[in-house]
Amino acid sequence: MTTAAASAPPLGRALCAMITPFTADSEALDLDGAQRLADRLVREGCDGLVLSGTTGESPTTTDAEKTALIRAVREAVGERASIVAGVGTADTRHTVELALAAEKAGADAVLVVTPYYSRPPQDAVEEHFRTVADASGLPVVLYDIPGRTGTRIEPETMLRLAEHPRIVAVKDCSYDLLGVQKLLARTELAFYAGCDEHILALYAVGGTGYVSTVANAAPRQLRAVLDAFDAGDTALAARLQQRAIELVELTMASGLPGTVTVKGLLGALGLPAGPVRAPLRPAGRETVEALRAAYERLSAPAPVS
């Protein structure tokens, strides 16, 4: 088994869970804005873009919008970055339909979250993922986020799923670093930190990289954490992770969804974002001002080793 620093995985190490820009009234996708944002993210260090995840407001975008977004972003980034399409729903049949559409539209892989709300037992969870993986030719990234779905992908289930040739990676939001290390030791799955505060911790024990919401605003600064670690400067990597924590906390732990906070920050920076769709509501002025101040502090010259 290779270490994180040994060779770049096919999807890359630094992945951004990209927001979905909307027009001013939120009634339509801002595809031009999505292309400009995607291009910026890739130019500033993202190896891959995860589209139509929770950060991309997938619960409130139509199937046609999801497909249009993949095509637009692929046109913008070409082969410079991988595209991972979020296709997870609470309905196996619908998830399969989205996976097939993503494959046709040009995605490189699909992100599949555990079916939510209905809380299926582990054998049903396993069958759900296998059915999706069997349906298309795309690699599958499992998304383990029990705090939102209500259901964990239990370690024994993960071990069995790892045997499937197209189930290749995990976006981990389990907050179980011990359990993840056990799976790293027993499988070839690529584990991505789905919680920005865990980027360095997971990478240091053999994780592959991250899928970050904060990277929408600070792609270069988060990529620097991985680059410093790969260069062998673990002390610098730690300092860079620590410098990012203020913005991470304000974005992801402020009591608002990350989509809301990061769209507020992007708007303040003059970058493509637009409003959020209901039932979400925009961040307030004080929240946005705090985010921008934290971003400016993070963007100041980095410490040297």
Close side-chain approach of [X] to [Y], heavy-atom, < 4.5 Å:
X: Leu29; Y: Pro21; result: no
X: Val262; Y: Val214; result: no
X: Leu265; Y: Val288; result: no
X: Gln241; Y: Leu222; result: no
X: Leu100; Y: Lys104; result: no

> Under the salt bridge (charged side-chain N to carboxylate O under 4.0 Å, His left out) criterion, do Arg277 and Asp25 qualify, and how do the steps go?
Replying inline: CA-CA 9 Å; Arg277 277 183 175 169; Asp25 59 5; over 6 Å; no

> More than 12 heavy atoms of other residues, nucleotides or ligands under 6.0 Å from CD of Glu289: is that the case?
Replying inline: yes

>> How about CZ on Arg281, more than 12 heavy atoms from neighbouring residues, nucleotides or ligands closer than 6.0 Å, or not?
In response: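 Counting neighbours around CZ of Arg281, 12 or fewer heavy atoms of other residues, nucleotides or ligands fall under 6.0 Å, so no.
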
> In a check of side chain to side chain contact (heavy atoms under 4.5 Å, CB included) between Val87 and each of Leu111, Val96, Leu98, Val140, which one passes?
Replying inline: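 It is Leu98; the other options fail the test.
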
For the side chain of [X] and the backbone of [Y], is there at least one donor-acceptor N/O pair under 3.5 Å apart?
X: Thr95; Y: Asp91; value: yes
X: Thr251; Y: Leu247; value: yes
X: Asp47; Y: Ala14; value: yes

Contacts of type salt bridge (Lys or Arg N to Asp or Glu O under 4.0 Å), residue [X], not counting sequence neighbours:
X: Arg119; result: none
X: Glu44; result: Arg40
X: Arg71; result: none
X: Arg152; result: Asp144, Asp176

In Å, rounded to the nearest 0.5 Å, how long is the span from [atom1] of [X] to [atom2] of [Y]?
X: Glu296; Y: Leu269; atom1: CD; atom2: CG; answer: 7.5 Å
X: Thr54; Y: Ile145; atom1: OG1; atom2: CD1; answer: 6.0 Å
X: Arg36; Y: Leu41; atom1: CZ; atom2: CG; answer: 12.0 Å

> Cut-off 3.5 Å, side chains only: do Ser299 and Gln221 have a donor facing an acceptor?
Replying inline: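 Yes, side-chain donor-acceptor contact under 3.5 Å.
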
> Just checking, any donor-acceptor pair under 3.5 angstrom between side chains of Asp30 and Thr23?
Replying inline: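 There is no such pair (donor and acceptor under 3.5 Å, judged by atom type) between the side chains of Asp30 and Thr23.
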
>> Check Arg160 with Asp123, please: is the shortest side-chain N to carboxylate O separation under 4.0 Å?
In response: no

>> Listing request: all ring-ring contact (aromatic ring centres under 6.0 Å, His included) pairs with a residue in residues 118-172, at least two apart in sequence or in separate chains.
In response: none

> For the ring pair Tyr210 and Tyr192, is the centre-to-centre distance below 6.0 Å?
Replying inline: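 Centroid separation for Tyr210 and Tyr192: 6.0 Å or greater.
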
>> Going by ring-ring contact (aromatic ring centres under 6.0 Å, His included), name the residues that satisfy it together with His198, two or more places apart in sequence or in a different chain.
In response: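 Partners of His198 by the ring-ring contact (aromatic ring centres under 6.0 Å, His included) criterion, ordered by chain and then number, come out as Tyr175.
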
> Does the pair Thr20 and Glu57 meet the rule for a side-chain hydrogen bond (donor to acceptor under 3.5 Å, both in side chains), with working shown?
Replying inline: CA-CA 7 Å; Thr20 300; Glu57 298 180 75; over 6 Å; no

